[in-house]
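In what follows, every chain begins at residue 1, and chains take the letters A, B, ... in the order their sequences are listed. No hydrogens, no waters, no symmetry mates; every other heavy atom, side chains included, goes into these values.
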There are 2 protein chains.
Amino acid sequence: MDSAIDTAPSTLKAGEPADRSLPAASSAGPAGGVKRKAGDIRDRLEQEIATGTHPAGERLDEQVIAARFGVSRTPVREAINQLVAGGLVERIPNRGAFVRAMGLAELVEMFEVMAELEAMAGRLAARRIDAAGAKRLETALVACEAAADREAHDAYYYENERFHEAIYDACGNAFLAGEARRLHLRLKAFRRLQLRFPHRMRQSLAEHRRIVAAIEAGDGPGAEAELKGHILVQGERFADLVATLKP
Amino acid sequence: MDSAIDTAPSTLKAGEPADRSLPAASSAGPAGGVKRKAGDIRDRLEQEIATGTHPAGERLDEQVIAARFGVSRTPVREAINQLVAGGLVERIPNRGAFVRAMGLAELVEMFEVMAELEAMAGRLAARRIDAAGAKRLETALVACEAAADREAHDAYYYENERFHEAIYDACGNAFLAGEARRLHLRLKAFRRLQLRFPHRMRQSLAEHRRIVAAIEAGDGPGAEAELKGHILVQGERFADLVATLKP
DNA sequence: AGCCATTCAATCGTATACAATCGACTTGAC
DNA sequence: GTCAAGTCGATTGTATACGATTGAATGGCT
């Protein structure tokens, strides 16, 4: 992976370490204990938005936030820019930055795309999973079952994430895994609401079982179909939820 | 607990932008005479990276770029951050920003995902396209044919983009369209190389015709399959290209 | 009274300045 | 001759300051 695809090798300068140790990278995670203020602020704001501390439509005042975190406006601005890139926040040129109020239509669209990516990951995983990956997948499924038996919604929510993570890891496409994680994160706040539905957790668990069965049987199309339905139903459920709250 | 859904207008202040005007995020075309320097610099750098002015692995010196554009380091920094978010550039904590040298494996992965998204867009477009959208699609196809007849690679490259844009617009899923555009942009530099292959342009045109036929016939699965192949072959071709250059 | 122009205030985007961090080089000892 | 530690330089990341643009309010005019 170190060898880059040199589209223009002739232009490489002699004394430049252009080909030298390009960092392994690609682990987009907030690595290590570096004291990057911007990143930390971004994470905090992300969490606060997800938990509802900042309701939709609220303006994120750079100065106020800077004061709250005891930093200057610069890292706050950078953090907000990252949120804008992530789609959680919208900037209006000289008005301010606002928490995006995602409409139902957009959410359904996002679930549609999420379903496609998850289904793709499942299809690939069915062909490419190895013994270790299968082991992790089964472990995650067992953990989901345990949480479901105890009717522990929060625990199930957490284990559910682990379960899908296991599929991402097994799909053998790191880029796909990254994109899926991005979307997963963005839909986090809405996923959580799903489990409040009466039998949603048990139904979800049953779907998980069928997904694992398909993957371990090497049934790509089957895993694809199961996962697509598994995600799409969440979008539909969410539409139902909104519909019941609307009037 | 407030959800991010706009079901709670009570918290909305005076003139909140609860609308869904998605400004395509990366629009900011040069049409407007606004003096947003950061966006312009981002576009320029993007183009320069795509055209090979900045080879893979090259360091993007903020000060040098700032001097080159006659601005301060701040907008340059912001532009680079946007490129990092887009995945074209990578920051190393205290080393600098480098043009990402994407390995062949990652490129193939990206083409895989791109194929899936394009195929999805085609499938949806086959069901949802309206008369105006069909008109635009046909216009784009005719433009592609004209460019191919003249063996004008650059023109075909441009019209090809328009063609795929037409599909995105017709898919009826703005979020999907945005994601597809993002990936399309990221693969821009590599797509361009495809057309250098002897008969690639004619083959591409033939695929375009079949895609349009499937979409206009309302054949969702057909359009999906055609588009998936249309994109995947590019990944394979690229792998061939690299293989021939490797030794 | 209603509409329009001007003024005003607020906020963003950019410029400049400073400090912390990391790598590379030099220098010295073993 | 090799290795290690210290210093230096370079670059990022952050702080502060300034100008420009925009929305809103106020006052005058029709």
Looking at every non-hydrogen atom in both residues, tell me the closest pair between B:Ile41 and B:Ala79 and how far apart they are.
CG2-CB, 3.8 Å
Strictly below 4.0 Å, heavy-atom distances to any atom of DNA chain D: list the hits from residues 74-84 of chain B, or just say none.
B:Arg77
Taking all heavy atoms of A:Ile80 and all of A:Ala97, pick out the closest pair and write down the distance.
CG2-CB, 3.8 Å
Neighbour count >12 (heavy atoms, 6.0 Å) for atom CZ, A:Arg44:
no
In whole angstroms, how far is the P atom of D:dT11 from the CD1 atom of B:Ile65?
13 Å
In whole angstrom, give the distance that lies between atom CD1 of B:Ile92 and atom C1' of D:dG13.
16 Å
What I want to find out is whether A:Lys37 reaches A:Glu78 closely enough, with some N-O distance under 4.0 Å, to be called a salt bridge.
no
State which residues pass side chain to side chain contact (heavy atoms under 4.5 Å, CB included) with B:Leu176; sequence neighbours excluded, sorted by chain then number.
A:Val113, B:Leu117, B:Met120, B:Ala121, B:Leu124, B:Cys171, B:Asn173
Distance check needed: C:dT14 P versus B:Arg42 CZ, whole Å only.
12 Å
Closest nucleotide of DNA chain C for B:Ser72 versus for A:Leu60: which of these residues is on the 5' side?
A:Leu60
Reckon B:Arg91 has a side-chain N or O less than 4.0 Å from the OP1 or OP2 of D:dG13?
yes
Just wondering, are more than 12 heavy atoms of other shown residues or ligands nearer than 6.0 Å to CZ in B:Arg162?
no
The single option from A:Arg59, A:His54, A:Arg91 passing side-chain contact (heavy atoms from CB on, under 4.5 Å) against A:Phe98
A:Arg59
Check nucleotides 8-11 of chain C against the protein and report each pair of N or O atoms closer than 3.5 Å, with its distance, or say if there are none.
residue: C:dT11; atom: OP1; partner: A:Arg59; partner atom: NH2; Å: 3.1

Are any of the side-chain nitrogens in A:Arg128 or B:Glu112 under 4.0 Å away from the carboxylate oxygens of its partner?
yes
Whole angstrom is fine here: how far is it from NZ in A:Lys37 over to P in C:dA20?
10 Å
Send over the distance from A:Arg73 CZ to C:dA15 P, rounded to a whole Å.
14 Å
